[in-house]
Amino acid sequence: MSYQNEYNLSRNEPTAFWEKQADNIQWIKKPKTILSNNNEDNYQWFEDGQLNTSYLALDYHIEQGNGDTLALIYDSPVTNTKQQFTYNELKHEVAKFASVLRKKDIKKGDRVLIYMPMIPQAAIAMLACARIGAIHSVVFGGFAPHELAIRIDDAQPKVIISASCGVEITKVIPYKPMIDKAIALAEFKPTSCIIFQRDLIEAKLLAGRDYSWAKLMENAVEAAPIAVNATDPLYILYTSGTTGKPKGVVRDNGSHAVAMKYSMKAIYDIDPGEVFWAASDVGWVVGHSYIIYAPLIAGCTTILFEGKPVFTPDAGTFWRVCEEYKVKALFSAPTAFRAICKEDPNADLIHQYDLSKLERLYLAGERLDPATYEWLQDKTKLPVIDHWWQTETGWAIASIPYGIEQKTTKAGSAGLATPGYNIKVVDSSGNELAKGEEGNIAIKLPLPPGCLSTIWKNADRFKDGYLKAFPGYYVTGDSGYIDSENYLYIMGRTDDIINVAGHRMSTGEMEEVISNHFAIAECAVIGGHCPIKGQIPTALVVVKNNISLSSADLEVELKLAIREQIGPIASLKAVYIVERLPKTRSGKILRKTIRQIVDGEEYQTPSTIDDPNVLEELQLLLSAA
Ligand code: COA
Ligand code: AMP
């Protein structure tokens with residue numbers, strides 16, 4: 001079938017389309033109701049179906065006779081470790097750990113927080129939760145204890161699972177002190193912590209609360225997967241919103257499994273037994289969907305890579321992994337390839353490896369700039385596919401669905417609407433714009449299977465944040481346009497979210513941290529341009545009168561505050577002390593204009609500005625800096 005036919009079918013007959021896709025997974029109770037709308041715009045898929053996601057990812061393949069197929073490859077250049085798990089072996093570990101969780105009183109619907117480096121135990125813990133109907137919430141290791149504490153208070157996990165340490169290139173980072181600090185900061189107190197002790201560091205365990213993963217696993221027996229409702233949550237994944245409080249995106253079991261299975265073939269054109277590598281982290285949505293769930297539900301081999309694109313040990317590491325495991329498709333963020341390009345501009349390292357099995361490169365997480373797109377295409381001679389998605393959607397909204405039709409890619413474009421997504425570009429009043437005109441990107445409801453069902457314990461935030469602006473549509477927070485051939489171009493966010501090295505960060509949250517410093521009267525954080533990380537946080541601060549702190553000391557203290565309260569991944573680049581911030585007459589900070597001035601771009605003085613002289617002062621300050 002052509003892309004256009006498949007897309008039209010998904011749009012004109014969504015119920016029939018997704019009923020057919022739902023037939024491709026093994027249900028415990030097959031759904032009779034495909035799409036329902038129980039209140040206002042809250043749609044649900046497969047509401048009367050029952051299934052188990054861990055069964056689909058593991059047991060099902062074993063029952064089909066594929067127990068000896070490789071399920072997961074762990075490759076860790078930072079610890080010189082390689083390990084492989086067949087479906088039989090992975091199921092054994094997962095089922096045992098599921099019974100460990102049961103013994104710690106975890107029941108269906110209970111939350112489990114996972115704060116892990118990129119080791120197989122992270123995947124095992126996630127799948128074990130799914131097996132017994134527990135809801136996992138994975139938190140990226142680069143977040144500081146304060147962020148962890150916010151998530152503990154919101155999700156209220158009975159158990160936290162972690163490891164004694166992570167490794168960042170050559171730095172060993174102890175995780176346990178961060179867990180202890182987060183629990184001390186949080187109001188809600190988990191009853192147990194299960195710690196995987198790595199050879200590099202042995203964490204100190206608190207008697208009565210902390211347990212060693214290995215010890216608990218010693219006598220564990222396998223737990224069977226239980227039936228859960230399609231609409232029961234599989235996980236909560238926190239993502240940055242515009243305020244300091246992250247949003248707990250809730251993903252259900254049933255529609256997620258259907259979307260994951262569909263996408264593996266439709267978008268990535270990967271068949272069972274083939275090797276797919278998403279070089280991301282399990283702490284992000286890409287890790288959830290394409291390191292763990294989709295490849296395993298589809299019966300493929302997935303790779304869990306504990307390293308960086310560069311310096312572990314060099315910029316050839318991605319290509320080494322692709323050669324070694326015969327990777328068919330590689331998925332990573334543009335920032336990773338920009339880092340590789342910086343270290344290996346002439347692709348000398350690429351040419352050292354046999355990449356004959358590698359067929360395509362997929363990129364997402366931030367805009368794929370044309371220069372990186374062209375460099376990659378030129379050096380690898382492979383199709384380079386940008387695709388656009390969000391933590392909220394869980395899979396690509398726009399893409400080049402290679403498994404349906406091998407449409408051409410275009411530099412700067414994130415591709416065509418993925419079947420299931422009805423994308424519109426609208427103006428601020430919600431009117432659809434003509435082709436080529438830039439505006440807010442919205443998705444007509446219902447969203448396809450796999451997208452968020454709500455925000456954890458905050459249905460109002462879900463409705464207010466996503467559904468209210470344009471009735472009948474989900475608002476993505478991105479702006480862009482669609483060209484005459486229906487290719488979509490993402491131009492940036494319409495809110496205060498920035499993208500640092502493919503990581504989504506809230507400038508509002510950083511402003512909260514900076515404003516809490518005793519010396520600060522007012523501040524604005526913007527995402528300045530960075531050739532490698534895409535954007536990097538830069539702060540403009542107004543200092544209170546009679547503060548004796550030197551500007552250098554203030555900068556050090558503010559950078560430290562961001563690191564300590566949000567995490568090292570937020571890494572503030574620069575702090576500029578200004579007399580006043582550019583604002584509109586109604587007092588709104590002109591962040592876009594500030595960003596343009598910081599980046600040395602041309603800008604237009606907004607007609608709503610309070611005092612145009614502030615912009616000149618800022619320009620003078622930056623040129624002197
Ligand atoms: N645990 C603890 N600390 C972490 C961490 C983790 N999981 N991940 C990052 N950090 C720390 C780093 O050690 C670094 O600390 P430092 O400032 O003390 O050196 C800081 O956070 C910033 O890390 P990072 O953003 O990774 O920057 P970098 O300069 O170390 O590396 C890149 C730059 C481009 C190589 C790296 O950002 C990268 O690989 N990006 C790809 C991101 C990606 O795959 N995103 C997924 C979206 S699909
Ligand atoms: P996250 O929820 O962390 O996956 O971040 C989602 C946001 O990242 C989107 O709303 C976009 O702003 C940005 N993003 C993700 N993929 C792309 C892409 N391919 N092109 C442009 N922006 C992207």
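In listed order, ligands and their atoms are each counted from 1. For the numbers below, each heavy atom of this structure counts, side chains included, while hydrogens, waters and symmetry mates do not.
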Heteroatom distance test ([X], ligand 1): nitrogen or oxygen, under 3.5 angstrom:
{"X": "Glu168", "value": "yes"}
{"X": "Ser280", "value": "no"}
{"X": "Gly141", "value": "yes"}
{"X": "Lys533", "value": "yes"}
{"X": "Trp284", "value": "no"}

Is ligand 1 under 4.0 Å from a heavy atom in the side chain of [X], in the backbone, in both, or in neither?
{"X": "Lys171", "result": "side chain"}
{"X": "Phe311", "result": "neither"}
{"X": "Val286", "result": "side chain"}
{"X": "Phe331", "result": "neither"}

Using distance alone, decide if ligand 2 has a nitrogen or oxygen within less than 3.5 Å of any nitrogen or oxygen in [X].
{"X": "Asp478", "result": "yes"}
{"X": "Thr476", "result": "no"}
{"X": "Ala414", "result": "no"}

Test item, [X] contacting ligand 1 (heavy atom, 4.0 angstrom):
{"X": "Tyr175", "answer": "yes"}
{"X": "Ser571", "answer": "no"}
{"X": "Gly166", "answer": "no"}
{"X": "Arg563", "answer": "yes"}
{"X": "Gly365", "answer": "no"}
{"X": "Ala279", "answer": "yes"}

Is the distance between the ring centroids of [X] and [Y] under 6.0 Å?
{"X": "Trp456", "Y": "Tyr235", "result": "no"}
{"X": "Tyr362", "Y": "His387", "result": "yes"}
{"X": "Trp277", "Y": "Phe305", "result": "yes"}
{"X": "Tyr402", "Y": "Tyr268", "result": "no"}
{"X": "His136", "Y": "His288", "result": "yes"}

ask   = Any protein heavy atom sitting closer than 4.0 Å to atom 32 (C) of ligand 1?
value = no

Please could you name the atoms of ligand 2 that [X] approaches to less than 4.0 Å, counting only its heavy atoms?
{"X": "Asn499", "value": "8 (O), 13 (C)"}
{"X": "Gln390", "value": "2 (O), 4 (O), 6 (C), 10 (O)"}
{"X": "Arg367", "value": "20 (N), 21 (C), 22 (N)"}

query = Side chain or backbone of Trp389 under 4.0 Å from ligand 2, or both, or neither, by non-hydrogen atoms?
reply =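 Only the backbone of Trp389 comes within reach of ligand 2.
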
task = Let me know which of Ile455, Val249, Asp154 forms a side chain to side chain contact (heavy atoms under 4.5 Å, CB included) with Tyr238.
result =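 Checked Ile455, Val249, Asp154 against Tyr238; only one passes side chain to side chain contact (heavy atoms under 4.5 Å, CB included): Asp154.
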
query = Does Lys410 come within less than 4.0 Å of Asp483, counting only side-chain N to carboxylate O?
reply = yes

key: Expected output: side-chain Ser137 to main-chain Ile236 donor-acceptor under 3.5 Å   = yes

ask   = For ligand 1, which atoms have a heavy atom of Pro309 less than 4.0 angstrom away?
value =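 Near Pro309, meaning under 4.0 Å from one of its heavy atoms, ligand 1 has 35 (C), 39 (O).
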
task = Could you tell me the separation between the CD1 atom of Ile514 and the CD atom of Gln565, rounded to the nearest 0.5 Å?
result = 10.5 Å

Contact with ligand 2 for Gly365, non-hydrogen, under 4.0 angstrom = yes

ask   = Of all the non-hydrogen atoms in the protein, which one sits nearest to atom 42 (C) of ligand 1, and at what distance?
value =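 Among all protein heavy atoms, the one nearest atom 42 (C) of ligand 1 is Ala501 O, 3.2 Å.
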
